[in-house]
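Accompanying notes for the structure given below.
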Amino acid sequence: MKGLAETVSGTPVQKTSVSFQLSDNQLEKATEELALESPITEPNITHEMEIGSGHSLRHHPQPSSQIHKVERPPKQNVLTEFQTVIKETFFHDEPLRAFRGKRSHTKFYLVLQAIFPILEWAGSYNLQKFRGDLIAGLTIASLCVPQDIAYARLANLEPQYGLYSSFVPPLIYAFMGSSRDIAIGPVAVVSLLIGTMAQNEIDPKKNALAYRRLVFTATFFAGVTQFALGLFRLGFLIDFLSHAAIVGFMAGAAITIGLQQLKGLLGITNFTKKTDIISAMHSVFGTVHHGWNWQTIVIGLSFLAFLLLTKYIAKKYPKLFWVSAIAPLTSVIVATFCVYITRADKEGVAIVNRIKRGINPSSAHEIYWTGDLFLKGFKIGVVAGLIALTEAIAIARTFAAVKDYNVDGNKEMVAMGTMNIVGSMTSCYVATGSFSRSAVNFMAGCNTAVANIVMSCVVLLTLELITPLFEYTPNAVLASIIIAAVFPLVDIPAAILLWKIDKFDFLACVGAFFGVVFKSVEIGLLIAVAISFAKILLQVTRPRTAVLGRLPGTLVYRNVEQYPNATTVSGIMIIRVDSAIYFSNSNYIRERYFETFSIYNKLTAPNFIYFF
C-alpha cells in the first residue's frame, strides 16, 4: 500500500498510476509474462495503448522488464503553489495574455473591447448583415410586445413595466454581450419567481407602491449578483445546478404558470395567491358554478387553440417560423378589436385597461437601501439572478454551438448584471435571455446583437404611440399567450432520456418538478440544488472503480463489465478510479481495492496490480 499512500498524501491527481508490489521476484515474473502475452509484433494490433476513458493515446515501445517508480512532484513554496491554484481555478484562459507586449493605446482599446464586445465586429458590419438583423428585430418585436404585457401581469406588475424591461436591458446587452443570437427581455419563469416571492412579503393589490419598490430592489441585487459572478470569474458556481434539476424545475414552473393563468382564461375573480397545484385546483373547481365567465372562456380557448396550431405549423414546416412569431400579436389585435366592437367588457370580460404612455421613468429613488425590505429584496434578487443567469447562459451556448462561435461566460454575466442594475433604476424588473424569442431571432436570420437594438426601437415606438390601443385587450388572450409560451418547457423526452442514462439525475429532475408543483417555486429550487449537491458529493466521496481488460486485436484497455469480450492479463489486475483521489475518498478507494483484490485473487491470483 506504499504507492497509494504516497499518492494520497500529495496533491489530488486525476487517474493516478500506482503500482502495488508483492515481491521483486513476483514483479519481475509478472512483467515478463505481460511482455510475452502482449508482443508488439502481434498482427492486427495498433501500436497505441489507451487506458481509461479519455481520448489521449500513449505510444508504447517494446515492453521491457524495467520497473519505473512513481516520483514525487517537485517541491514548491507556499506562495507559488497558491498562485498556481488561483490561476488554474479562476484564470485558466489567461485573460491578460492579449495585453502582453502591446503599447498603451492598444491596451486601452483592448480594454474597451473587453467591456464592449460590439467593438470587435462593428468595423466589419455592413448593410447585408443589417438587413438580416432588421428582419429578425422586427420579428421578435412582434412577439415580445404581447408577451411583455402578459409577463408583467405574471409578476403582479402593471403592463407597461414588461415593456420597459424590453427597452433598456436589450440596448445595454447589445453593447456588452458576446452572444449574437440571444434575445433579451422578461421571461415567464423569472416573472413567476419574482411575483411569487415578492407577493409573500407584500400584497401587490393593497400596497402596489411598496410591492413595486421591492421588485426594483430585487432586480438591483439580481444584477449585482450576476455582475459579481462575472467580475470575480465565479461563473462555475451556476454549474452546480445540474441540467437534470433545471429540466425538472422548468417543467414544474411551466405547470405552475399554466395553473395560474386559469384565472384569466376562465374569468375567475377570486383566485388563490398560493402556487401549488392543490390550491389552484381548489380555486378553479370551487368557483365553477358562480365564478366562471363563458365569454372569457370562448375567447381564451379559441386563441389558445390558434396559438398552439401556429406552433405546430412552425415545428412541422421550419420555413414558416414567422407564422408562430406573429401569432401572439395577431391574437392581441383581433381579440382587442372584437372586445371593442362588441363591448364584451360590459359582460364581465376582464380587460387590460389603460397602459401608461411614455418611456421608462427613473426608479433609483424607489429602491430600498435600508430596513427589512432591503434584506428581503436581496434574498429575492440573488435567487432570481441565478435562475435568470443559468437560463441565459444555456441559451447563449446552445446557439453559439450551432453557429460555431464562442461565448465568453464571464462577459455574459457582466453584461447581464449591468443591464439589470441599470434596469432597476429605470423601472425595469429582471430581464434575461428568452428561449422562445431567441429561437425566433435565430430562425429569422439575425447576424449580430443589432437585432436587440431594433427590437428596443420598436418597443420604444410602442410605448410612445401604441399603448392606448391595448386598453381593450382581454386578459384571456394574454393568459393564452403565456400558456402557449410555457408549453414547450415541459420537456418529456429529456426526462425519459435522463431515466435511461442516469437514475440519480432522473431523481433530481422529479424532485425539483414535484417540489415546484406541490409546494412552491422556492421549495422546488431548493430541492433541485440539494439533490445536485448530493450527487456531486456522492461522486467525489464514492467514485466508481473498474477492472480493465484488453480488447481483442488491440492494446486498448476498457472496463470488463462494459466490454464483456475484454480479457484480463494473466497474473496482472488493472484498476481504474473514475475520479481524482482526495482525502475524502482515499479510505473508500483503499477499501474498494482490497475488496476487488480479494475477489480477483480467488479467480486469477494476480501477482501484480496497476491502479489508475
Side-chain angles (χ1 to χ4, degrees), residues 147-148 150-157 161-162 165 169 184-204 211-212 214-226 229 238 241 245-261 272-277 279-280 373 375-395 416-417 420 423-424 428-436 482-483 485-486 489-490 512-530 532:
Q147 282 188 347
D148 291 343
Y151 291 160
R153 295 181 65 253
L154 196 58
N156 299 314
L157 294 169
Y161 291 101
S165 301
I184 300 298
V187 296
V189 174
V190 177
S191 299
L192 172 69
L193 186 63
I194 288 182
T196 302
M197 297 183 71
Q199 183 179 250
N200 292 336
E201 306 297 341
I202 300 175
D203 191 328
Y211 177 85
R212 188 170 67 245
L214 180 61
V215 171
F216 292 154
T217 305
T219 303
F220 175 80
F221 283 110
V224 170
T225 301
Q226 295 169 340
L229 288 175
I238 65 174
L241 195 59
I246 289 293
V247 169
F249 175 79
M250 289 296 184
I255 298 297
T256 301
I257 291 170
L259 292 173
Q260 294 297 308
Q261 296 315 300
T272 181
K273 294 181 180 180
K274 298 180 180 180
T275 60
D276 62 282
I277 188 172
S279 299
L373 291 176
L375 297 176
K376 292 177 179 178
F378 173 79
K379 180 188 71 173
I380 298 172
V382 170
V383 175
L386 290 176
I387 292 298
L389 192 59
T390 302
E391 185 174 0
I393 295 296
I395 294 171
M416 294 282 174
N420 280 316
S424 68
C428 305
Y429 73 98
V430 179
T432 185
S434 167
F435 188 81
S436 59
I482 293 177
I483 293 174
V486 302
L489 294 179
V490 183
F513 175 79
F514 284 113
V516 173
V517 171
F518 286 97
K519 191 61 180 177
S520 66
V521 176
E522 304 97 295
I523 296 299
L525 182 61
L526 182 62
I527 292 174
V529 173
S532 297

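Side-chain contact between Y211 and L157: present, with at least one pair of heavy atoms (C-beta onward) separated by less than 4.5 Å. Residues T196 and T256 have side chains not in contact (no heavy-atom distance under 4.5 Å, counting atoms from C-beta outward). The shortest distance between side-chain heavy atoms of F249 and V189 falls below 4.5 Å. Using a 4.5 Å heavy-atom cutoff, the side chains of K379 and E522 are not in contact. Using a 4.5 Å heavy-atom threshold, the side chains of Q261 and L154 count as touching.
Annotation for V215 and A198: closest pair CG2-CB, 4.3 Å, computed over non-hydrogen atoms. Residue T225 comes nearest to L386 through the heavy atom pair CG2-CD2, 4.2 Å, listed as atom of the first residue, atom of the second, then distance. Heavy atoms only, all atoms of each residue included: A254 and L489 are closest at CB-CB, 3.7 Å. In this structure, N156 and G195 approach most closely via the heavy-atom pair ND2-O, 3.3 Å. Among all heavy-atom pairs drawn from A431 and I184, the shortest one is CB-CG2, 4.2 Å. The minimum heavy-atom distance linking A528 with A245 is given by the pair CB-CB, 3.6 Å.
Separation of atoms OG1 (T275) and CD (Q199) is listed at 9.0 Å; rounding is to 0.5 Å. Rounding to the nearest 0.5 Å places CG of L214 at 9.5 Å from OG1 of T219. The CZ atom of R153 sits 12.0 Å away from atom OG of S191, with the distance rounded to the nearest 0.5 Å. Residue I482 holds its CD1 atom at 10.5 Å from CD of Q260, rounded to the nearest 0.5 Å. In this structure, the separation between CG on L259 and OG1 on T272 is 11.0 Å, given to the nearest 0.5 Å. With rounding to the nearest 0.5 angstrom, the CD atom of Q226 is 9.0 Å from the CD1 atom of I393.
Shown here are the side-chain hydrogen bond (donor to acceptor under 3.5 Å, both in side chains) partners of S434, two or more places apart in sequence or in another chain: S436. Among residues two or more places apart in sequence or in another chain, the side-chain contact (heavy atoms from CB on, under 4.5 Å) test is passed with A222 by V430. F378 is linked by a ring pair (Phe, Tyr, Trp, His ring centres under 6.0 Å) to F221, counting only residues two or more places apart in sequence or in another chain. The side-chain contact (heavy atoms from CB on, under 4.5 Å) check on V517 picks up I255, I277, F513, with sequence neighbours excluded. For Q147, the side-chain hydrogen bond (donor to acceptor under 3.5 Å, both in side chains) test picks out R437, with sequence neighbours left out. Partners of T217 under the side-chain hydrogen bond (donor to acceptor under 3.5 Å, both in side chains) rule, at least two apart in sequence or in another chain, do not exist in this structure. Taking K274 as the reference, nothing meets the salt bridge (charged side-chain N to carboxylate O under 4.0 Å, His left out) condition, with sequence neighbours excluded. Evaluation of the side-chain contact (heavy atoms from CB on, under 4.5 Å) rule for S165 yields P186, C428, Y429 as partners, not counting sequence neighbours. For the side-chain hydrogen bond (donor to acceptor under 3.5 Å, both in side chains) test, residues two or more places apart in sequence or in another chain that qualify with S532 are S242. Remark: A392 engages I182, M416, T432 in a side-chain contact (heavy atoms from CB on, under 4.5 Å) (not counting sequence neighbours).
No donor-acceptor distance shorter than 3.5 angstrom exists from the side chain of N420 to the backbone of V224, with no hydrogens or angles considered.
Sequence neighbours left out, not one pair with a member in residues 249-258 passes salt bridge (charged side-chain N to carboxylate O under 4.0 Å, His left out).
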